[in-house]
Amino acid sequence: MKSILITGANIVNEGKITLADIFVKDGMIYNVGTDLSDFEADIHIDATGKYVFPGLIDDQVHFREPGLTHKADIYTESKSAVAGGVTSYMEMPNTVPQSTTIPLLEEKYNIASQKSLANYSFFFGATNDNIAEILKVDPENVCGVKVFQGSSTGNMLVDNPESLERIFAECKLLIATHSENDNIIKANLEKYKAEYGEDIPVKFHPKIRSAEACYDASKKVVALAKKYGSKLHVLHISTAQEVDLFDNSIPLEQKRITAEACIHHLWFSEEDYEEKGNLIKWNPAVKTAKDRERILQGVLEDRIDVIATDHAPHTLEEKSRTYSLAPSGGPLVQHSLVAMLDLYHEGKIELEQIVQKMCHNVAILFEIDKRGYLRPGYHADLVIADLDSPWKVEKSNILSKCGWSPFEGHVFKSKVTHTVVSGHLAYENGVFHEEKKGDRLKFSRKI
């Protein structure tokens, strides 16, 4: 593997920004120092004026392989991730077939080992009746167990109260939840169907998948986690009320209950449905501007611990259907870092906080082995960005297989120029070097 020397960089790492060089050798960060110009390297990157971040770790993506590859696949979406500075991802189990047995889960790992340009891990899917299989999952090799409380794409719904309780009582792995109360959603949906039929205006999506449905389900799993001492991670917080369910009085390392915010809930609000329509139809729904503001506040005050994407592509044809038939989800992984950097330019968040929430905290929360920081002895996952290089999102530069983005037409202020994945220069000013694939994430857990 080629050695890499990065010089003159503004390094954003561990709560500070420093001017320094980085030397990468044999896939690892060998040294970080103020003058490493004497090191001989196969590749030299002059990062003067640019910023170097640890590679982003996205703890929630849907790459649609196997079974749904007309929308996306592991190769295309990992390529999209790498172009956006995401060097590692954790992918969800609602593929076809669903990853609800260990052999099916390992099949996805095998595909990724041959196709993924980024490092990878895959969640094991919980059902009402697979607790015995959950208990066989190796905690050092799998990021966690996913529980759908609300039916979403794939309908992996855990709706038996006894099954849900048993998962929390017996599972020692991290439990990640999609928390929406399905009964509340169904009742709301019937009300709007009675008035509008199948063609419900999408602006009512946050009324159907309501704040009440989210809070009720999140409150329930937080109570279960407290009851059994489970390690719970509540995904894609979408309401102001949910934020207060989470603690900011103890360090993340001590938390058993954590939360995630997603890019779309930090960026869009219900006012955007008129322009974007089904393109911003997500589960949980994008809600009010006040919800958006409180979620960002929750990030800044450490009630919400990580920022991710819930990248979930569908084709434009699928998204163009009527409300009831159009699936929820959209592509985001290529634009997650630059979207957050726009919020930095707007004075809403600091660079150090972006790194904390998208790199360090994900590594801490999932106990990922030697990733998430720019430290000697750690795997060399890093991204270089030019914070003063505007570019417009157009169909021609969208890399997700679905070929569209909710950010289409937006001009981002910052650009990712280089991405290094496990010591390999995978992306360089629009050019991909695909000869080396990403690595399977390992977890240093004491269970």
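Computed over heavy atoms, backbone and side chain alike; hydrogens, waters and symmetry mates excluded.
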Parallel, tilted or perpendicular: ring planes of Tyr109 versus Phe122, cut at 30 and 60 degrees: perpendicular
Could you check if a side-chain atom of Asp73 sits within less than 4.5 angstrom of a side-chain atom of Lys401, using non-hydrogen atoms only? yes
Of all heavy-atom pairs between Leu104 and Pro97, which one has the smallest distance, and what is that distance? CD2-CG, 3.5 Å
How are the rings of His410 and Phe407 set relative to one another: parallel (under 30°), tilted (30 to 60°) or perpendicular (over 60°)? tilted
Which residues pass the salt bridge (charged side-chain N to carboxylate O under 4.0 Å, His left out) test with Asp216, sequence neighbours left out? none
Could you go through Phe366 and His233, starting from their C-alpha distance and side-chain angles, then the distance that decides it, and tell me whether this counts as ring-ring contact (aromatic ring centres under 6.0 Å, His included)? CA-CA 10 Å; Phe366 286 87; His233 186 46; 5.7 Å; yes
Side chains of Ser422 and Arg371: is there a donor and an acceptor less than 3.5 Å apart? yes
Side chain to side chain donor-acceptor pair (under 3.5 Å) against Gln114, all qualifying residues, sequence neighbours excluded: Asn110
Counting only N and O atoms by type, is there a donor-acceptor contact under 3.5 Å from the side chain of Asn283 to the main-chain atoms of Ser328? no
For Glu212, enumerate each residue passing the side chain to side chain donor-acceptor pair (under 3.5 Å) test, keeping only those at least two apart in sequence or located in another chain. none
Student check: side-chain heavy atoms of Glu350 and Gln353 closer than 4.5 Å: yes
According to side chain to side chain donor-acceptor pair (under 3.5 Å), who are the partners of Asp199, at least two apart in sequence or on a separate chain? none
Does this structure show an ion pair linking Glu242 with Lys219, if we count only N-O contacts that are shorter than 4.0 Å? no
Closest non-hydrogen contact found for Pro313 with Lys71 is O-CD, 3.4 Å
Member of Phe123, Phe148, Trp282 meeting the ring-ring contact (aromatic ring centres under 6.0 Å, His included) criterion with His178: Phe148
Residues Asp342, Lys348: salt bridge by 4.0 Å N-O rule: no
Do Trp404 and Leu279 come close enough that some side-chain heavy atom pair is under 4.5 Å? yes
Mind checking whether Ile175 and Phe168 have side chains closer than 4.5 Å, heavy atoms only? yes
Between Leu245 and Ile257, is there a side-chain heavy-atom distance shorter than 4.5 Å? no
Could you pull out all residues at least two apart from Lys115 that satisfy side chain to side chain donor-acceptor pair (under 3.5 Å)? Glu65
Of the options Asp302, Asp59, Asp58, which is the one that meets Lys357 in a salt bridge (charged side-chain N to carboxylate O under 4.0 Å, His left out)? Asp302
For residues Glu434 and Lys437, report the shortest heavy-atom separation together with the two atoms involved. O-NZ, 2.8 Å
Any heavy-atom pair between the side chains of Pro390 and Lys413 that's under 4.5 Å? no
Can we say Asp247 and Arg303 salt-bridge, meaning some charged N sits less than 4.0 Å from an Asp/Glu carboxylate O? no
Glu293 bridged to Lys290 by N-O distance under 4.0 Å: no
Do the side chains of Glu140 and Arg445 get close enough for a salt bridge, i.e. N-O under 4.0 angstrom? no
Would Lys415 and Asp386 pass as an ion pair if we require N to O under 4.0 Å? no
Taking the six-membered ring of Tyr196, is the NZ or CZ of Lys193 close enough (under 6.0 Å from the centre) and on axis enough (within 45°)? no
Looking at Glu195 and Glu190, would you say the former's side chain and the latter's main chain have a donor-acceptor pair under 3.5 Å? no
Strictly by side chain to side chain donor-acceptor pair (under 3.5 Å), give each pair with a member in residues 260-274 just once, sequence neighbours left out. Gln60-Glu260
Do the non-hydrogen side-chain atoms of Leu266 and Met340 ever get within less than 4.5 Å of each other? yes
Checking Ser320 side chain against Leu316 main chain: does a donor-acceptor pair fall under 3.5 Å? yes
Establish, yes or no, whether the cationic atom of Lys281 lies under 6.0 Å from the six-membered ring centre of Tyr323 and within 45° of the ring axis. yes
Taking all heavy atoms of Thr309 and all of Leu332, pick out the closest pair and write down the distance. O-CD1, 3.4 Å
Do His335 and Phe412 pass the ring-ring contact (aromatic ring centres under 6.0 Å, His included) test, and can you show the C-alpha distance, the side-chain angles, and the key distance before you say yes or no? CA-CA 9 Å; His335 304 118; Phe412 284 114; 5.8 Å; yes
Row check, Phe432 ring normal vs Lys79 NZ/CZ: under 6.0 Å, within 45°: yes
List the steps, then state whether side chain to side chain donor-acceptor pair (under 3.5 Å) holds for Asn361 with Gln356. CA-CA 6 Å; Asn361 279 9; Gln356 189 73 45; 2.5 Å; yes
With side chains defined as the heavy atoms from C-beta onward, is the minimum distance between Pro54 and Val355 less than 4.5 Å? yes
